[in-house]
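Computed from a predicted structure; not experimentally measured.
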Amino acid sequence: MSHRRTHLWISLIVGLAVWGAYFGHFLQQMRRGETGGLALWFLGALAVIVLAETVATGLIAWLFRRRARVLDEGPTLDAALKASHVALMLLIGLALSAAAALALASLFGWTLDLSGARGQVIAANALLAMVVSAELLRAGLTLALLPRR
């Protein structure tokens, strides 16, 4: 397995686990009506992602350094570019959907109360969810498009 493929698998698995736990905690906090401590949870999740991916990728690369195969740059680069394009389109679509929702709300005179702490936390986590979704899609689609050899 190439180092690129190994890193993508690690990124996908760690991302699903860490961000899944974070967003699960976020939803529990929202059900309880609490917003305290979510900034620390976010920073903790970010630190765990960086540390886990760095350590796991380094360890696997070191352990399997002799068995790793090098993929052709052409097909590997092509897979990464296609997956990145799809992820970018997803991110743009999600951002435009959020903008449309805000515009429709204002059209009907609805207030989403983004001035309070709860509204700001929900908005920040909605934006985070958009970025995390696009990144997980990019990693998964790149893995799916990488040539098998």
Co-membership, hydrophobic cluster, residues Leu137 and Val132, 4.5 Å side-chain
no
Measure the spacing between OG of Ser133 and CG of Leu128 and express it to the nearest 0.5 Å.
9.0 Å
Suppose the criterion is ring pair (Phe, Tyr, Trp, His ring centres under 6.0 Å): which pairs have a residue in residues 92-123, not counting sequence neighbours?
Phe108-Trp110
Any ring pair (Phe, Tyr, Trp, His ring centres under 6.0 Å) pairs touching residues 122-143, not counting sequence neighbours?
none
I'd like to know if Leu127 and Phe26 are part of one continuous hydrophobic network [Ile/Leu/Val/Met/Phe/Trp/Tyr, side-chain heavy atoms within less than 4.5 Å].
no
Mind listing the closest non-hydrogen atom pair of Leu12 and Leu136 along with its distance?
CD1-O, 3.5 Å
Say whether Val14 and Val55 are linked into one hydrophobic cluster, either directly or through other cluster members, by side-chain heavy-atom distances under 4.5 angstrom.
no
So CZ of Arg31 and CG of Leu27: to nearest 0.5 Å the spacing works out to 6.0 Å
Single-linkage hydrophobic cluster, 4.5 Å side-chain cutoff, Leu16 and Val131 together:
no
Do Met130 and Leu91 touch side chain to side chain, with heavy atoms closer than 4.5 Å?
yes
Output the distance between atom CD1 (Ile49) and atom OG (Ser11), rounded to the nearest 0.5 Å.
7.0 Å
Where do Lys82 and Leu145 come nearest, in terms of heavy atoms and distance?
CB-CD1, 3.8 Å
Applying a strict under-4.5 Å side-chain criterion to I, L, V, M, F, W and Y, I'd like to know whether Leu40 and Val121 cluster together.
no
Which heavy atom of Met30 sits nearest to which heavy atom of Glu34, and what is that distance?
CE-O, 3.4 Å
Measure the spacing between CG of Leu143 and CG of Leu8 and express it to the nearest 0.5 Å.
4.5 Å
Interatomic spacing from CG in Leu43 to OH in Tyr22 - rounded to 0.5 Å
9.0 Å
Rounded to the nearest 0.5 Å, how far apart are CG of Leu51 and CG of Leu46?
11.5 Å
Mind checking whether Val86 and Arg138 have side chains closer than 4.5 Å, heavy atoms only?
no
Between Met89 and Leu94, is any pair of side-chain heavy atoms under 4.5 Å apart?
no
Parallel, tilted or perpendicular: which fits the ring planes of His25 and Trp41, with parallel below 30° and perpendicular above 60°?
parallel
For Ala87 and Ala134 the tightest heavy-atom approach is CB-O, 3.3 Å
Do the rings of Trp19 and Phe23 sit parallel, tilted or perpendicular, given the 30° and 60° boundaries?
tilted
